[in-house]
Structure formats: C-alpha cells, structure tokens
Amino acid sequence: MEKKKMSAFNWVIFAVLALYALSMILLLFWGATTAFKAQSEFRTNRIWPTLNPTVNNFSFLLDQFYVIVIIEGEGQYFIGMGEQVLNTILYAGVGSFLMTLAPCVVAYAVTKFENYFYSKVLHTVVIVAMILPVVGAYPSMIQVMQTLGIYDTFLGLWLQKFNFLGLYFLTFCAAYKNVSKELSEAAYIDGANEWQTFLQIVLPMVRNMFFTVFLIHFVEMWNDYQVPLLYLPSHPTLAGGVHYLVYKRNYSPFSDTPVRLACCMILAIPILILFIIFRNKLMGNVSMGGVKE
Amino acid sequence: MDATIKRGGGYAKQRRNKLLFYISLVGLPSLQFVIFYIIVNFNSIALAFQSYDSDNAVYFFYGFENIKQVFVNFSTQSFLPAAVKNSLICYSFTLLVGIPLAIIFSYYIYKKSFFSGGFKVFLFMPQIVSALVFALIFRFFTDNAIPQFVEMFTGEEADGLLSLPETRFGTVLFYTLWAGFGTQVLMYSGTMSGISDSVIEAGQLDGINSFQELIYIVVPMIFPTITTFIVVGFSGIFINQMNLYAFFGTKAEYADYTLGYYMYSAATEAGPAELPYLSAFGLVMTLFAAPLTLGLRWALNKLGEKF
C-alpha cells in the first residue's frame, strides 16, 4: 500500500505534539534523576542530572516513610510503608474488582431481562445519574457512613465502590448485546441453569472487557489519595502517604526536594510497570456517544 | 390434564428461578444504590436544613439559615466570588483551548500519522502516573529548575512560577490543560475510528485537504461525543479542583480557590458542626448546576441536529 505524504496541517500538529512529548519526557526525566541526587548537590545544581547518583533518598524513605494517625481516645499510630502498601492493595485491588463487578452483573441482568419493568428503571437511573450533576455530597456521605458504623473502614469504602452507575454499565450492556444468544440457548438445552450459563458461557466472553475496566479502575484507585483521605483517614494508602509526607512533614530531610521526588517515584514506578505490560488494554479503542449516521 | 399441570408447574418454576436469578444479580447493587445515592443525596438535602448541637451531640432543624448563610458568605467572603470566577475561567479555557486541541490531536492519531502511537502514550501518561505525583514533579520543577534556568540566562535571582502570585494561577491553569488530554483523546480518537471510510474517501475525491476533512467531516460526525465532554465539563465547573489540592494541599491561596477545591478541602477538615453548612453549599451549587447543565445539554442536542 502506498504511504501517503503528510499534509502541512499534519506537520503542524506533529510539531505541537512533539513539543508536548518533549516537555513530558523532560519533566519525568528531571523528576527521576533528581530523586537520585543528594540534597547538598541539589542546592547548587537544580537542573542537570547528577554525576554521583545516590539511593540514600530511597533507603531513607523505606525506613521513614510513615504516616502518623491520631485516633481520638486511643492515641497515635505510626503506619509504615508496608501497611500503606497493604492498604493500597485492599483499597485498589478489592475496590476496583467490586467497582467492575457491579456494572458487569447489573448490565447482564438488564440486557437479558430487558422486558422487566425494573430493568427499564435501572437503565433510566444510570442515564439520569450521568446527566444530573450532584455537587458536594461529601458531608452527607460521611454522616451516612458514620451512622452505619462503616466510616473509616475498608468495608465501608468497598460498599461505596460496589456501584453500577456510570459509563461502564453502558459499555457492558453493549458487550452483552453482542454475545450470541444461540450459545446461551444451547446451554439451556443442555440443562444448564441461569447461573451456569452466566458464569460458564457469557462471563468468559466478556472477560477481556472485565479485565480492562478492572485495570482502569485499579490505576485510578492506586493513584487516588482524595477518597481514602476523606472516608478512610486511619488507613492511609501509599498515595495518601506521599500526600502526607509532602504536606504534613515540612521539615528536613522530608522537605528536601530530592527526598520528595523519591517518594513520588515510589508511588509511580509500580503503576508505570503495570502500564508498560498492559498499555494496549488500558489504551484500547474506547468510544462513547457514537458516530452520527 | 396431569401433563398440563406438570408443564404449567414447570413453567412457573422456571419463571421463579429466573426471577430469583434476576434478584440475586440486581439485589445488592440496588441496595447499594439506595444507600449510597438516594439516601446520601436526600440526607444531604436534609442536612442543609439542620444545625449541630455540640452539647448534646445531636442535629436539629435550623430552617433556611444555612442556605441564607451561603448567600451571605458570597457577598462577605471575597474568596467565594473569586472561586466562581476561577472555576469559570478554568472551564472557558478548557472549552476554548483544551477541547479543540484534544480534537486536533485525536485527528492526528486517528489518521495514524507519523509516531501517532507514541504520542497517544504521552498524551495518556498523566492519567497513568498519579495526578499527585505529576503535579508535585511539575511544582518542584517550576519552583526549582526554571528559576535556576532564568538565573543562568539573566544573572538575576528568580522566583518559582507557583510561588509568585502573578504567575501562580496561570501556571496551574496551564498544568490543568497540559495534563488533561488523555481521556478526551482516547474517546475522540476511538469515536473517529468508527467513521465510515467511504465518507472520508468521498471527501477526498471532492479534493478537500486535511484541515477541511477535520472541520467538515470528522467534527460533525463525532459531535455527540464532543457534546458529552462539553456537558460533563460544564457540570465540572462546580466540582473541578484544578489540581489545587495536589499542588498546595489545604494551603492554596484564597485568590486561586475554585468551588471544587473549597468544597473538598473544607470537607476534609470538617467536624460534625461544619457538615450542615457544607451540605447547604453543595445544595445551592446543585440548584445552579442541574438546570444549567440540562439546559446546555438540550441546546447542544438541538445544535447537533442541525449538522
């Protein structure tokens, strides 16, 4: 196939995008190299990569990267990096699974039993919730969770995440509509019940989508520090730990820029590795709203 | 007769099993929706009309006092009108600069032009690396490396872009744009890939160039997706934090506040006594946001019909 020549317009876009990519490389490179710089060198050389890289910032953080949590009536606790990693896995791992599971199962029910009145209600609820902006329900959410005794617990946050509303409900609905009905019908004829058909025939056919949505949620929640900060204050995640170190420990060596950047790298590196492995899934062809006919 | 009853009984059992299966799928998520959406939002409305008695640790009905207080504060606390102004500036900037750039970048990726796959990764990178990490690296870079660059070239001491009051808001605004292309580009380019080749080929046979193809074919074809982003962005006026919490924690300057930042930072530090006022603030914002957003959506849908 003959390769087309790029138009002048495309060259202009190329130049803008190249500048964009360069700025991103520059920023990440600067951040990564500065994380390996001693503070004494950083005072005089704030721009160029160091010729004497050191891992001292990282070893210091592995030892000192803790969050002090004060619980009224109980005292203060030191939450170290290990516990923060565990909290992150519990929050992001379980939370993103539940956040994917809820739209996955509800979309199946709504698609399969589309004639049920309640299915139509659920579909409408999703659309209305997407359109109607609700601002500032944080205080009420805190109060409701406190009333239910699940505030500041993983269970509370997991229940909050077991939510079928949003774009992925529609994505799953579209996926189920593409799954051949003949396969399910053949399973029924062979004596399979509804659960067996769903778990053994239909779910494997949407497993790629399930995994992609799970990955997207996992990355979001791994990086999220705001939701745990608000609803899970006694169980800081790694992202919460970075926020705490930068904004609550304003004294040296925690306030040294290379230490703070090393802290950022600790949070970023696992997710970058995940991105390198699963980039095609994470950046797959997603569309919404469709093309006009 | 017996056979009829048996068949009828089997059908009833099958229906019952289907219903049980249906309930087992939608039951828990529906309960979750009732608690975490319906009750939370109704409670938010109720809380807006209450106050907290700290002596007895109970909430009591307080009428419209919190709502009145929200309006009073808008006229007495200068940071609130500033927050509205900043939120509107942020949305306008995103609408007028961010969305057009995202569409142009998406077009480049959709046409699979030179190194488009690589650019897609770079545009998506801020969505992968934590917003906190990206914002912090950006902050340390603009406050450390850029002043040293300036000193190297001018010989004069310089302050960081995020430290100087006159450059701070502009820098945050630039960052919000710079780091905000990822999802939009994925969605636009994904939707563009659904455009029929025959439509594009017909345009090319008519002799249109790339720019004309983008403006006269691609943009009208993906207009529903553009509409979605405009509407979502509009409702975001009331919740967008403009990365201020990542840049400054709870210590952002009042002059740079946005409505979203105010709501979130106040909620993180709120005790039981502050919750009713914050709920009232959220309610007032929703009362503005909901009709305006629905109106904008209606207007854009009407506009879309004309294409």
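Note that these values count all heavy atoms, side chains included, but never hydrogens, waters or copies made by symmetry. Each chain gets a letter, A, B and so on, in the order its sequence line appears, and its residues count up from 1.
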Short N-O contact, A/K120 and A/E114, less than 4.0 angstrom: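 No salt bridge links A/K120 with A/E114.
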Is chain A contacted by the side chain of [X], its backbone, both, or neither, given a heavy-atom distance below 4.5 Å?
X: B/L214; result: side chain
X: B/I239; result: side chain
X: B/L259; result: neither
X: B/Y59; result: side chain
X: B/V284; result: neither
X: B/A270; result: neither
X: B/L294; result: side chain

Sidechain-backbone polar pair: B/S113 side chain, B/S116 backbone, donor-acceptor under 3.5 Å: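 No; judged by distance alone, with no hydrogens or angles, the pair does not exist.
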Check: A/Y108 ring centre within less than 6.0 Å of A/F172 ring centre: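 No, too far apart.
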Ring centres under 6.0 angstrom apart (B/F181, B/F105):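 So the answer is yes for these two rings.
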With a 4.5 angstrom heavy-atom cut-off, could you sort out which part of [X] is near chain B: side chain, backbone, both or neither?
X: A/W222; answer: neither
X: A/S23; answer: both
X: A/E220; answer: neither

Under 3.5 Å side-chain donor-acceptor pair for A/N250 and A/S255: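 No, A/S255 and A/N250 have no side-chain donor paired with an acceptor closer than 3.5 Å.
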Polar contact flag, side-chain donor to acceptor under 3.5 angstrom, B/Y52-B/E274: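 The answer is no; no qualifying pair exists.
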